[in-house]
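All values derive from a computational prediction rather than experimental measurement.
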Amino acid sequence: MQLFLLGYIIIEICEIFSTGGFPLNGGVRRAFSAIHIAAIISTLWILMINGAVSYQLLDDGTPLSLGLVFFSAAILFIGTGYIALDTGFSWTRYWDSTLADPNRSYSLYTLYQLVPLVFLFIFVVLEMIVVLRVLGERKPMLYLLGAVILFAIGQVFQYVISVHLCNATSGKINGGLFETLFTLLAVVMIWVFWSSITEDDWPMPVPGDSTYDS
C-alpha cells in the first residue's frame, strides 16, 4: 500500500504543474501531463493488485510480490508515458491526426478515463468479496463505501460543477480544487480501510515502552 501512496504523491505533484495556473512552457506542461496520465494508470494498477494480494495468492511484503507489483506498474508507466509523450511531441507522427480539430485522442481518453475506472472497480469488487465473504466483517465496508462516495463527489465537481464554478468566478476557481480535496479524502479512507483489514499500518509506540534500553 505504500507504493500506492507514493504513486498518489507523484500524481498530485504532476497535477499541480499540468492543470495549475503556473506560466510554464508548452512543452514542459505537455511533459507533466504525460507523466500525470502514466502515474494515474500505474497507481490504480498498484491499487488493484493490492486487492488481489488480499487473497494471499502471494505472501504480501515479500521481495517476489513487491517486485511483481513494482515492475508491472513500471511497464504500464513507461508504455502509457510513451504514448502520451509521442502524442504531445509528435516524435513518430503516428498520433498526429489527434492534434487536428476536433482534437480527439481516443487512445489517451481510454488510458486517462476508462482504464483507471476499470482498475478501481475491480479493486472495490475484490475487497467487497474479501470483507463480506472471507472475513465476515461489516465495519471495513463503511470505510470502503466512504472512499467510493468521496471519489465520486470529486468527479462530479470535476466534470459537472466545474464549468458553473468557472463561469461564476470568471475562471478564478474550477472544480479541480474540490476534485483534488475529495480525492485526497478518498485516499485517506482507502488507507483506513486497508489498515482495518490488515496489519499494514505505521509503527506506533506502545505506552510505557522506551526506545532506549535501560
Side-chain angles (χ1 to χ4, degrees), residues 1-19 27-99 103-130 144 147-148 151 154-155 158 179-180 183-184 186-187 190-191 193-194 197-198 200:
M1 187 57 70
Q2 284 86 353
L3 285 176
F4 167 71
L5 294 180
L6 177 61
Y8 173 72
I9 292 172
I10 295 174
I11 289 173
E12 292 307 306
I13 292 174
C14 292
E15 189 172 297
I16 291 172
F17 295 103
S18 61
T19 63
V28 175
R29 194 178 298 278
R30 288 195 298 272
F32 271 112
S33 297
I35 298 172
H36 184 207
I37 296 173
I40 290 174
I41 290 287
S42 55
T43 301
L44 268 297
W45 169 261
I46 291 172
L47 184 64
M48 185 188 73
I49 295 300
N50 270 286
V53 168
S54 303
Y55 290 81
Q56 296 298 311
L57 300 177
L58 289 174
D59 290 333
D60 188 18
T62 62
L64 177 60
S65 64
L66 291 175
L68 288 175
V69 172
F70 178 80
F71 285 110
S72 61
I75 291 172
L76 285 174
F77 182 89
I78 294 171
T80 303
Y82 172 77
I83 293 174
L85 288 170
D86 194 11
T87 302
F89 291 96
S90 299
W91 291 338
T92 65
R93 300 191 179 281
Y94 182 82
W95 314 97
D96 280 3
S97 60
T98 65
L99 303 179
N103 299 113
R104 291 177 179 173
S105 177
Y106 294 107
S107 58
L108 291 183
Y109 175 82
T110 301
L111 291 171
Y112 180 59
Q113 301 285 352
L114 301 183
V115 174
L117 287 178
V118 171
F119 291 163
L120 183 60
F121 175 78
I122 293 175
F123 168 78
V124 171
V125 171
L126 289 175
E127 293 305 310
M128 287 177 63
I129 295 173
V130 166
L144 185 62
V148 172
F151 176 78
Q155 298 308 299
Q158 179 75 350
E179 183 271 337
T180 301
T183 300
L184 171 62
V187 170
I190 287 290
W191 178 263
F193 163 78
W194 189 258
I197 64 171
T198 69
D200 188 8

Examine Arg30 relative to Phe89 and say whether NZ or CZ is less than 6.0 Å from the centre of the six-membered ring and inside a 45° cone about the ring axis.
-> yes
Is Asp86 reaching over with its side chain to a backbone N or O of Thr92, donor-acceptor style, under 3.5 angstrom?
-> yes
All heavy atoms of Ala52 vs all of Leu126, minimum pair found to be N-CD1, 3.8 Å
Which heavy atom in Leu47 sits nearest to a heavy atom in Phe123, and how many Å separate them?
-> O-CD1, 3.0 Å
The reported gap from OH in Tyr8 to CG in Leu184 (rounded to nearest 0.5 angstrom) is 4.0 Å
Closest approach of Ala38 and Phe77, non-hydrogen atoms and distance?
-> CB-O, 3.4 Å
When rounded to the nearest 0.5 angstrom, what distance separates CD1 in Ile11 from CD1 in Ile40?
-> 5.0 Å
Does a side-chain heavy-atom distance below 4.5 Å link Ser42 with Thr80?
-> no
Any chance you could measure Glu127, atom CD, to Asn50, atom CG, to the nearest 0.5 Å?
-> 8.0 Å
Take Leu68 and Ile49 through the test side-chain contact (heavy atoms from CB on, under 4.5 Å) and record every step on the way to the result.
-> CA-CA 10 Å; Leu68 288 175; Ile49 295 300; over 6 Å; no
Are side-chain heavy atoms of Glu12 and His36 found at a separation under 4.5 Å?
-> no
CZ of Phe119 to CD1 of Ile122, rounded to nearest 0.5 Å, is 7.0 Å
Scanning both residues in full, the closest heavy-atom pair of Leu108 with Ala84 reads CD2-CA, 3.8 Å
Closest contact, heavy atoms only, Ala31 versus Leu85 | CA-CD2, 4.0 Å
Find the distance between CD1 (Ile37) and OG1 (Thr87) and round it off to the nearest 0.5 Å.
-> 8.5 Å
Heavy-atom side-chain contact between Leu117 and Leu44 under 4.5 Å | no
Could you tell me whether Phe70 atom CZ has more than 12 heavy atoms of other residues or ligands within 6.0 Å of it?
-> no
Do the side chains of Leu120 and Phe151 get nearer than 4.5 Å, heavy atoms only?
-> yes
Could you give me the CA-CA distance, side-chain angles and deciding distance for Trp191 and Met1, then say whether side-chain contact (heavy atoms from CB on, under 4.5 Å) is met?
-> CA-CA 8 Å; Trp191 178 263; Met1 187 57 70; 3.4 Å; yes
Between CD1 of Ile75 and CH2 of Trp45, what distance do you get to the nearest 0.5 Å?
-> 9.5 Å
Check: Thr183 side chain, Thr180 main-chain N or O, donor-acceptor pair, under 3.5 Å | no
Going by heavy atoms in the side chains, are Phe4 and Thr43 under 4.5 Å from each other?
-> yes
